[in-house]
Protein chains: 2
Amino acid sequence: MVAEFERYIKENLKLSGGDLKLMLSVAVERIVRRKQLLLEEGEVCRHKIFICKGLLRTYRTREDGSEHVMMFSPETWWATDPESLNNQTPSLYYIDALEDSEVLLWTKKDFDMLCAQIPALKAYSEKLISINLNLGRQRIFSALSATAEEKYDEFVASYPNIFARIPLHMVASYLGVSLKTLSRIRQAQLKR
Amino acid sequence: MVAEFERYIKENLKLSGGDLKLMLSVAVERIVRRKQLLLEEGEVCRHKIFICKGLLRTYRTREDGSEHVMMFSPETWWATDPESLNNQTPSLYYIDALEDSEVLLWTKKDFDMLCAQIPALKAYSEKLISINLNLGRQRIFSALSATAEEKYDEFVASYPNIFARIPLHMVASYLGVSLKTLSRIRQAQLKR
DNA sequence: TAAAAATAGCGTCAAATGTCCGCATTTTAC
DNA sequence: GTAAAATGCGGACATTTGACGCTATTTTTA
């Protein structure tokens, strides 16, 4: 499990062997089965999660029980609820596994320590935050301005790998349209 | 114009007088007339903007010319395109003034220098980024799950001050609904 | 101050979307 | 291996939303 993380760090962060060892020394390996929860609404988020293998989903529910997918996190991505993690406040989100997965976990305290010790990690974290900010803006713009079909095409084009691995009703949930609408779009595209 | 900024800094950042002077020494004061642009699509964003007085709008257009409001920035808020500013890439956004406004400008270079010199400013910037990230998530969730009326109510409740100062068609644009839909919602609410 | 532009409401019609239902197939779990 | 659950399609119908055109009022600008 650790091998994937080492490859990721070496490719993207170019840390020294010592720094890598330091990161791993405070990481917890964990295997998550499909459908298992890593974070639940109301709970304080305890970890920063790196996905070595598998696929996680972050979602939120409404009072009526409907689920709305905020994010999919496949291997070599991260997941957490930064708001809950940073402020130690109850989370609004759920994180669960869509596939049996292997993840690494860091507590906030340990990760803060790592950032303080390893400037390159701190810099990389900031870069990831800014990428997330941009992705968020792009998604908002898309939600404001695009048709359901445009959003669907955009999703398939941007995340072909993820798309192939998740049920359509979750794609619909991520896009903010009903499964019915998604079905119609796909049906119409087939006929072309 | 500088008085508003000083008050803001003292309330939120508690900088020393020297640090405040340093910030002001590299800031440029500027008056922006209503409808004037501070950033245009295709241009590289040059500044971080603090609004002392007035109201700015950040928006993006589609090929068909439609405008979609990403953000309103009233006094004591900030505006910029961080993606363009940080990477020195052409921006996708426009920033213009909805009211005659007074702003302070910093170049990326100067602001980076300030962050390096003033740890409290660096920390505050990071805090603002994380707040923005959360606001973005909240808006995405709202776009995915809320009805037009719920989004409208949420906006009025969250930003009563801004709401009273902008035309309805811009509220509609911010919410991602047509002006017609917004009219209908308001009409229905009046009848209750 | 007068002309022009912006703002916002309304009616009508058409298109898009959602809900509810059942059904068939595939996948999962015990 | 079998029962149960998940997945996804499709029909019928109602609702929501948008597009277009028109108008009245307010605001801006010259």
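Everything quoted here is computed from the prediction, not taken from an experiment. Naming convention: chains lettered A, B, ... in sequence-line order (proteins, then strands); numbering from 1 in each chain.
Following rounding to the nearest Å, A:Leu175 (CG) and C:dA16 (C1') show an atom-to-atom distance of 16 Å. Separating the CG atom of A:Leu179 from the P atom of C:dC20 is a distance of 14 Å, rounded to the nearest angstrom. With rounding to whole Å, A:Ile185 atom CD1 is found 13 Å from C:dG18 atom C1'. Rounded to a whole Å, the CG atom of A:Leu98 is 13 Å from the C1' atom of D:dA6. As a whole-Å value, the separation of A:Arg57 CZ from D:dA6 C1' is 13 Å. C:dA16 atom P lies 12 Å from atom CD of A:Glu150, rounded to whole Å. In this structure, A:Leu182 atom CG and D:dC9 atom P are separated by 8 Å, rounded to whole Å. Protein atom CZ of B:Arg186 is 19 Å distant from nucleotide atom P of D:dT16, rounded to whole Å.
Applying the 6.0 Å contact sphere to CH2 of B:Trp77 captures no more than 12 heavy atoms from other residues, nucleotides or ligands. Around atom CZ of B:Arg33, no more than 12 heavy atoms belonging to other residues, nucleotides or ligands sit under 6.0 Å away. Remark: B:Arg60 CZ is packed, more than 12 non-hydrogen atoms of other residues, nucleotides or ligands lying under 6.0 Å away.
The side-chain heavy atoms of B:Ile118 and B:Met23, taken from C-beta on, include a pair separated by under 4.5 Å. Looking at heavy atoms from C-beta onward, B:Gln138 lies out of side-chain contact with B:Ser158 at the 4.5 angstrom threshold.
Within residues 158-170 of chain A, no residue has a heavy atom under 4.0 Å from DNA chain C.
Placement of B:Leu22 and B:Tyr124 within a single hydrophobic cluster is found when ILVMFWY residues are connected by side-chain heavy-atom separations under 4.5 Å, directly or transitively.
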Please list, for nucleotides 10-15 of chain C, all pairs of protein and nucleotide N/O atoms separated by less than 3.5 Å.
unit_1	atom_1	unit_2	atom_2	d
C:dC10	OP2	B:Gln187	OE1	3.4
C:dG11	N7	B:Lys180	NZ	2.9
C:dG11	O6	B:Lys180	NZ	3.3

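Where B:Glu149 and B:Arg34 each meet DNA chain D at their nearest nucleotide, the meeting point lying more 5' is that of B:Glu149.
A distance of 8.0 Å separates CD in A:Glu29 from CG in A:Leu24, rounded to the nearest 0.5 Å.
Under a 3.5 Å cut-off, the side chain of A:Ser84 and the backbone N or O of A:Thr89 do form a donor-acceptor pair.
Residue B:Thr181 places none of its side-chain N or O atoms closer than 4.0 Å to OP1 or OP2 of D:dT17.
Listed nucleotides D:dT29, D:dG18, D:dC9 differ in distance to B:Val177; the shortest reach to its side chain belongs to D:dG18.
Note on the helix from C:dT1-D:dA30 to C:dC30-D:dG1: terminal axis deviation equals 70°, with five pairs used at each end and the result rounded to 10°.
Applying ring pair (Phe, Tyr, Trp, His ring centres under 6.0 Å) to A:Tyr174 and the options A:Phe155, A:Tyr152, A:Tyr59 leaves one that passes, A:Phe155. Shown are A:Arg34, A:Lys35, A:Arg57; of these, the salt bridge (charged side-chain N to carboxylate O under 4.0 Å, His left out) with A:Asp96 is made only by A:Arg57.
A ring-centre distance under 6.0 Å is not found for A:Tyr159 and A:Phe72.
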